Amino acid sequence: MRRLLVHILCISQALLCAADSPPLSEEALEGLSAAGEHFVNEEIKRSVLGVKQVRELMEEKEKKHRHFMDALRQSSDKKKGAMQLARESEQKLEEAERQCRDLTKSLFEECRPCLEDTCKNFYASTCRRGFTSFSYKVEEFFKTLAAQLEETDHFFYQDEENTGYSNLAENPQLTGDEADLQQVDLSFSQLLLQTNVLFNQSVSLVTKMQQAFGHSFLLAFTAELHPSPLSATWVRSGPGFFRSLGLDQTVDSVKNGMGEIGSSVVDIFEDENSQQPNKDTGFFPGLGQLQSRHLCRRLRRQTSECLHLGGWCETCKEYFFKECPIVQQLHSEVEEMHLLLNASREQYDDRLQLVRRHTADTQSWLSNMEDKYRWVSHLSEDTDGPDNIFSVIAVTSQPQMKTIRLKTDSIMLVTVLDSAPFAVSVPAELEVDDPAFVQYAAQEALTLYKRQIRGMK
């Protein structure tokens with residue numbers, strides 16, 4: 001305090017030495033101080049009322065936030081439900097495929113000996129050369145085909161990305177929803193806390209300055225808030241059983257592994273049958289000589305043509321014509337469930353972004369309000385409020401040139417809200433006895449004080 005008084009005295013002496021006109025009397029300085037104090041008090045009142053309005057607006061924003069959060073939680077629940085439906089449909093499909101696969105293997109094991117022997121017998125009785133080599137290729141083909149049927153993963157999961165499905169039983173995505181909900185709600189709760197701190201500091205200040213403001217102002221300021229309402233594929237001619245399971249990859253992979261290419265012998269039969277009369281070959285009635293000759297050529301190039309001789313095996317009839325329609329039906333159901341799941345995910349993501357955007361906008365707005373009213377919060381930190389609201393220490397005019405007799409700006413040395421002295425320049429057109437004179441000085445002093453408080457952030 002002693003250092004402050006010394007500082008004021010030095011500045012006062014410097015101003016008096018530079019003045020052309022005599023200093024104002026103590027009575028005049030007290031009058032200016034009282035007028036300036038009244039202006040500063042009114043500014044404080046306006047600011048704390050502005051803080052109250054911030055809280056009222058924040059309650060409206062909180063209602064909107066709660067509305068958004070309710071919609072977001074509904075979207076999360078819908079997504080969970082869609083995820084559960086999709087998971088159940090995938091489990092049903094997996095079980096149906098397993099049963100169909102087991103039936104396929106069982107029927108194949110019954111059909112295989114007859115079909116393999118039939119193919120060898122046809123070649124031996126009809127085709128003229130290479131039986132030993134062909135017999136070896138037939139055996140390898142059926143061994144490989146049987147091995148492929150045993151490899152479940154090869155048929156059903158090796159190309160999961162192409163199916164558009166994911167293993168929902170192992171998908172942890174939903175666990176992130178609760179974290180999202182907690183995070184966005186916590187972010188907004190932090191803004192509510194900041195608003196309450198700002199408001200409580202203003203209440204504290206008004207209480208401390210009750211004598212200056214009047215008890216009625218305290219009652220009006222702390223009255224209950226009433227915010228406005230919220231505005232608020234398979235082998236082309238292959239067996240139907242392969243088609244129903246999607247096991248066309250089985251035959252294709254075996255053919256590729258053995259270096260075989262070509263089309264179905266049925267195509268040849270359709271092309272040639274109308275041109276040549278059928279002549280039975282004793283072991284295989286119903287096949288003409290020309291057809292047999294073409295079939296021999298096709299068998300040499302791709303052993304998988306043996307599959308088309310299954311009609312001469314009683315044990316193969318069910319294998320070649322058995323269907324699993326439930327599998328196709330469940331594939332369609334899984335696809336529908338995934339479409340529903342994707343739609344629910346998009347809705348959830350859109351609503352999550354809406355909540356985040358509203359929180360970010362509110363945070364930006366509140367930051368501006370805190371910057372505007374931070375000086376009021378600073379005043380509340382004093383135990384009993386500011387001792388000195390506004391005081392005019394000295395008033396003087398700037399020195400004039402002897403050859404030029406023009407009015408010059410006045411310099412006021414003032415303190416505001418217990419601050420160090422500020423030297424404020426008042427325009428020459430304002431006279432000391434004009435109420436606007438001290439009002440201008442008080443406004444300038446408050447501006448300097450607020451700038452000083454911002455610099456302390």
Side-chain angles (χ1 to χ4, degrees), residues 8 28-58 194-195 197-223 225 365-395 409-427 430-457:
I8 293 173
L29 292 178
E30 289 178 2
L32 290 174
S33 296
E37 181 175 329
H38 177 75
F39 174 81
V40 173
N41 282 337
E42 291 301 313
E43 283 294 303
I44 295 175
K45 285 182 180 181
R46 278 191 286 271
S47 293
V48 294
L49 289 174
V51 171
K52 182 177 181 179
Q53 186 179 24
V54 167
R55 185 178 176 183
E56 291 172 346
L57 292 173
M58 193 62 185
Q194 292 175 228
T195 304
V197 169
L198 182 63
F199 179 75
N200 291 337
Q201 289 172 334
S202 297
V203 172
S204 175
L205 177 62
V206 173
T207 303
K208 292 173 183 177
M209 299 184 67
Q210 182 178 168
Q211 186 174 358
F213 293 164
H215 185 65
S216 59
F217 181 80
L218 174 62
L219 293 177
F221 179 75
T222 56
L225 299 178
W365 166 78
L366 183 59
S367 178
N368 291 333
M369 293 301 100
E370 286 183 323
D371 187 62
K372 181 177 180 179
Y373 298 118
R374 186 176 294 113
W375 69 283
V376 176
S377 301
H378 180 75
L379 291 177
S380 69
E381 295 175 2
D382 294 334
T383 304
D384 300 318
D387 296 324
N388 176 29
I389 303 300
F390 184 82
S391 293
V392 179
I393 300 171
V395 180
D409 294 347
S410 298
I411 302 298
M412 293 185 68
L413 185 65
V414 301
T415 62
V416 59
L417 303 171
D418 295 337
S419 70
F422 294 115
V424 178
S425 177
V426 183
L430 296 178
E431 300 289 345
V432 174
D433 55 357
D434 185 345
F437 181 90
V438 69
Q439 183 174 334
Y440 181 91
Q443 182 66 62
E444 288 297 303
L446 269 178
T447 300
L448 293 172
Y449 177 81
K450 293 175 184 178
R451 190 177 301 163
Q452 186 179 73
I453 296 303
R454 291 191 186 100
M456 295 169 60
K457 180 180 178 181

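Everything quoted here is computed from the prediction, not taken from an experiment.
- Remark: Glu43 engages Arg46 in a side-chain hydrogen bond (donor to acceptor under 3.5 Å, both in side chains) (not counting sequence neighbours).
- In this structure, a donor-acceptor pair under 3.5 Å is absent between the side chains of Gln201 and Ser380.
- Residue Ala423 comes nearest to Ile411 through the heavy atom pair CB-CG2, 4.4 Å, listed as atom of the first residue, atom of the second, then distance.
- No option in Met209, His215, Gln210 other than Met209 meets the side chain to side chain contact (heavy atoms under 4.5 Å, CB included) test with Phe213.
- Checked against salt bridge (charged side-chain N to carboxylate O under 4.0 Å, His left out), Lys450 has no partners two or more places apart in sequence or in another chain.
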Full working for side-chain contact (heavy atoms from CB on, under 4.5 Å) between Met369 and Leu57: CA-CA 11 Å; Met369 293 301 100; Leu57 292 173; over 6 Å; no
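- At least one side-chain heavy atom of Val432 sits less than 4.5 Å from a side-chain heavy atom of Leu32.
- Applying the side-chain hydrogen bond (donor to acceptor under 3.5 Å, both in side chains) rule to Ser391 yields the partners Asn388; only residues at least two apart in sequence or on another chain are considered.
- For the pair Val54/Lys372, no side-chain contact is recorded, criterion being any heavy-atom separation below 4.5 Å from C-beta on.
- Residues in residues 440-449 take part in no side-chain hydrogen bond (donor to acceptor under 3.5 Å, both in side chains) pair, two or more places apart or across chains.
- Shown here are the side-chain hydrogen bond (donor to acceptor under 3.5 Å, both in side chains) partners of Gln194, two or more places apart in sequence or in another chain: Glu370.
- Closest non-hydrogen pair, Gly50 versus Tyr373, comes out as CA-OH, 3.5 Å.
- Phe39 places none of its side-chain heavy atoms less than 4.5 Å from the side chain of Val438.
- For the pair Leu417 and Leu446, the minimum side-chain heavy-atom distance is below 4.5 Å.
- Ala436 pairs by the side-chain contact (heavy atoms from CB on, under 4.5 Å) definition with Leu430, Asp434, not counting sequence neighbours.
- Checked options Leu205, Asp418, Val48, Ile453; the residue passing with Leu379 is Leu205 (criterion: side chain to side chain contact (heavy atoms under 4.5 Å, CB included)).
- Not a single side-chain hydrogen bond (donor to acceptor under 3.5 Å, both in side chains) links Asn41 to another residue, sequence neighbours left out.
- Residue Ser202 comes nearest to Val376 through the heavy atom pair OG-CG1, 3.9 Å, listed as atom of the first residue, atom of the second, then distance.
- Residue Arg374 holds its CZ atom at 13.0 Å from OG of Ser47, rounded to the nearest 0.5 Å.
- Remark: Val414 pairs with Phe390, Val392, Met412, Phe422, Val424, Ala445 by the side-chain contact (heavy atoms from CB on, under 4.5 Å) rule, at least two apart or across chains.
- Residues passing the side-chain contact (heavy atoms from CB on, under 4.5 Å) test with Leu49, sequence neighbours excluded: Phe217, Phe221.
- Residues forming a side-chain contact (heavy atoms from CB on, under 4.5 Å) with Ala34 (at least two apart in sequence, or on another chain): none.
- A donor-acceptor pair under 3.5 Å is absent between the side-chain atoms of Ser419 and the main chain of Thr415, judged by distance alone.
- No side-chain heavy atom of Glu56 sits less than 4.5 Å from a side-chain heavy atom of Phe199.
- Partners of Glu30 according to the salt bridge (charged side-chain N to carboxylate O under 4.0 Å, His left out) rule, which considers only residues two or more places apart in sequence or in another chain, do not exist here.
- Interatomic distance, Arg55 CZ to Asn200 CG, rounded to the nearest 0.5 Å: 7.0 Å.
- Note: Ile389 CD1 to Ser33 OG = 12.0 Å, rounded to the nearest 0.5 Å.
- Atom CG in Leu448 sits 5.5 Å away from atom CZ in Arg451 (nearest 0.5 Å).
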